[in-house]
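Here is the structure we will look at.
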Amino acid sequence: MVLQADFYARDTVVVARELLGKVLVHETAEGITSGIIVETEAYMQDDPACHAYRGKTPRNETMFGEPGKAYVYLIYGIHHCFNAVTREKGRGEAVLVRALCPLRGEELMHQRRKTICPSHRLASGPGNLCRVMGITRDQDGVPLQESPLYVISDNIAVSSDEIVERTRIGLSVAENRMLRFYLSNYQKYVSRR
DNA sequence: GCTTTGATGCACT
DNA sequence: GTGCATCAAAGCG
């Protein structure tokens, strides 16, 4: 079942936790790739580390739009990052998806990567994730319910004691909030640190 | 194995 | 001009 807008139109931390164990799918001309979401981070509007903290700009406009849309941006000039927009329209909050456990299209993922690596590192980190899934800024603003890019709730059981809360990664401000979540039994698929 | 560093685009002060 | 929600190659051991 594809997750609908009402799933995303809730508290950002709740959405971040519940996205763990769901499956991200991208259907492209090259083929279909999918993977279990194993690591997320929550970004709230009152958070100095959040793009929306200083208000709306052309770059982060998507975050303020409808819940359930993809917010994709370029970081360090090289890498893309994929987020799911949460809360009601006008709120400017999102969940960053940081890592996947590959499910379908692993062949294609290897092709999209220039380097050879073990499968548990294919989508370890937001930049790698977008690369192997074929996500670019072309996907910025697309609704996750009615696009080739969507999230489904599969029957992957996640009990709350498998969810580990940690501080977020790569930030210079507001580092110490427990807003990063990952599944302990998939830790090797997660970016390091 | 682990740590360091350069590549690189774009929004914003 | 600066500072990033990063990655991988190069260097060390």
Side-chain angles (χ1 to χ4, degrees), chain A residues 8 11-17 19-20 24 33 35 37-65 67 69-87 91-102 106 108-141 144 149 151 163-183 187-193:
Chain A
Y8 301 98
D11 182 81
T12 304
V13 171
V14 172
V15 176
R17 294 182 70 108
L19 274 176
L20 294 174
L24 179 66
T33 48
I37 296 172
V38 296
E39 185 183 9
T40 61
E41 285 180 7
Y43 283 87
M44 263 94 73
Q45 204 172 346
D46 63 353
D47 176 354
C50 178
H51 288 172
Y53 180 64
R54 288 167 222 283
K56 193 166 155 182
T57 68
R59 181 213 203 182
N60 64 26
E61 192 178 359
T62 309
M63 276 183 115
F64 290 88
K69 283 188 171 179
Y71 170 46
V72 183
Y73 65 92
L74 194 59
I75 191 70
Y76 302 122
I78 304 179
H79 304 288
H80 296 278
C81 292
F82 169 73
N83 303 249
V85 177
T86 58
R87 292 294 210 107
R91 260 307 275 202
E93 303 195 0
V95 174
L96 170 67
V97 179
R98 295 187 52 88
L100 299 178
C101 169
E106 207 175 311
L108 181 54
M109 295 186 188
H110 276 107
Q111 285 171 32
R112 282 176 175 152
R113 233 156 185 257
K114 283 176 187 162
T115 55
I116 28 168
C117 65
S119 61
H120 66 269
R121 290 220 189 121
L122 269 176
S124 67
N128 290 333
L129 183 155
C130 288
R131 188 168 189 176
V132 300
M133 291 296 285
I135 296 173
T136 68
R137 275 188 312 173
D138 292 346
Q139 273 73 46
D140 185 39
L144 295 173
L149 183 63
V151 182
I163 299 179
V164 183
E165 299 184 9
R166 283 290 132 82
T167 55
R168 290 172 300 177
I169 287 183
L171 301 183
S172 48
V173 288
E175 269 187 20
N176 293 329
R177 304 195 196 176
M178 302 291 267
L179 294 174
R180 172 181 172 232
F181 308 97
Y182 65 86
L183 298 175
Q187 189 157 21
K188 71 175 183 177
Y189 289 90
V190 169
S191 52
R192 39 207 161 235
R193 269 170 71 180

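Every chain is numbered from 1 and lettered A, B, ... according to where its sequence line falls, protein lines coming before strand lines. Since the structure is predicted, the reported quantities are computational estimates derived from the model, not experimental observations.
Using a 4.0 Å heavy-atom criterion, one finds that A:Leu96 contacts the bases of the nucleic acid, with or without backbone contacts as well. Looking at heavy-atom distances under 4.0 Å, A:Asn128 makes contact with sugar-phosphate atoms alone, never a base. Residue A:Met44 is classed as having no contact, given no heavy-atom separation below 4.0 Å to the nucleic acid. At the heavy-atom level, A:Gly127 lies under 4.0 Å from the strands shown only through sugar-phosphate atoms.
Ranking B:dA7, C:dA5, C:dT6 by closeness to the A:Ile78 side chain, first place goes to B:dA7. Comparing B:dC12, C:dA5, C:dA8 against the side chain of A:His51 picks out C:dA5 as the nearest. Nearest to the side chain of A:Thr115, among C:dA8, C:dA5, B:dC10, sits C:dA8.
Pairing partner, C:dA5: none, since no Watson-Crick or wobble contact has both distances short of 3.5 Å. A 3.5 Å limit on both hydrogen-bonding distances identifies C:dG11 as the Watson-Crick or G-U partner of B:dC2.
Using a 4.5 Å heavy-atom threshold, the side chains of A:Arg168 and A:Phe181 count as separate. In this structure, A:Tyr189 and A:Pro102 have side chains that are in contact, with non-hydrogen atoms separated by less than 4.5 Å.
At distances below 3.5 Å, not a single donor-acceptor pair connects side-chain atoms of A:Asp47 with backbone N or O atoms of A:Tyr43. At least one donor-acceptor pair under 3.5 Å links the side chain of A:Glu41 to the backbone N or O of A:Ile169.
OP1 or OP2 of C:dA8 has at least one side-chain nitrogen or oxygen of A:Arg131 nearer than 4.0 Å. The phosphate of B:dC10 (OP1 or OP2) has a side-chain N or O of A:Arg137 nearer than 4.0 angstrom. Considering only side-chain N and O atoms, A:Arg180 lies nowhere under 4.0 angstrom from the phosphate OP1 or OP2 of C:dA5. Within the 4.0 Å cut-off from OP1 or OP2 of B:dG9, not a single side-chain nitrogen or oxygen of A:Arg59 is found.
Rounding to whole angstrom units, CG of residue A:Asn60 and P of B:dA11 are separated by 11 Å. Protein atom OH of A:Tyr71 is 10 Å distant from nucleotide atom C1' of B:dA11, rounded to whole Å. One interatomic measurement links the two molecules: CD1 of A:Ile75 to P of B:dG6, which rounds to 19 Å at whole-angstrom precision. Following rounding to the nearest Å, A:His80 (NE2) and B:dA11 (P) show an atom-to-atom distance of 13 Å. Rounded to whole Å, the distance from CG on A:Asp140 to C1' on B:dC10 is 14 Å. The distance between atom CZ of A:Arg54 and atom C1' of B:dC10, rounded to the nearest whole Å, is 16 Å. Here B:dC10 presents its P atom at 14 Å from NE2 of A:His79, a figure rounded to the nearest Å. C:dA9 atom P lies 9 Å from atom CD1 of A:Ile116, rounded to whole Å.
Applying the 5.5 angstrom centroid cut-off and the 30 degree plane-angle cut-off, the aromatic ring of A:Tyr76 is not stacked upon the base of B:dG9.
Rounded to the nearest 0.5 angstrom, A:His79 NE2 and A:Leu129 CG are separated by 13.0 Å.
The base of C:dA5 sits within donor-acceptor range of the side chain of A:Tyr73, with an N or O pair under 3.5 Å.
Under the 4.0 Å criterion applied to side-chain N and carboxylate O atoms, A:Arg180 and A:Glu165 are not assigned as salt-bridge partners.
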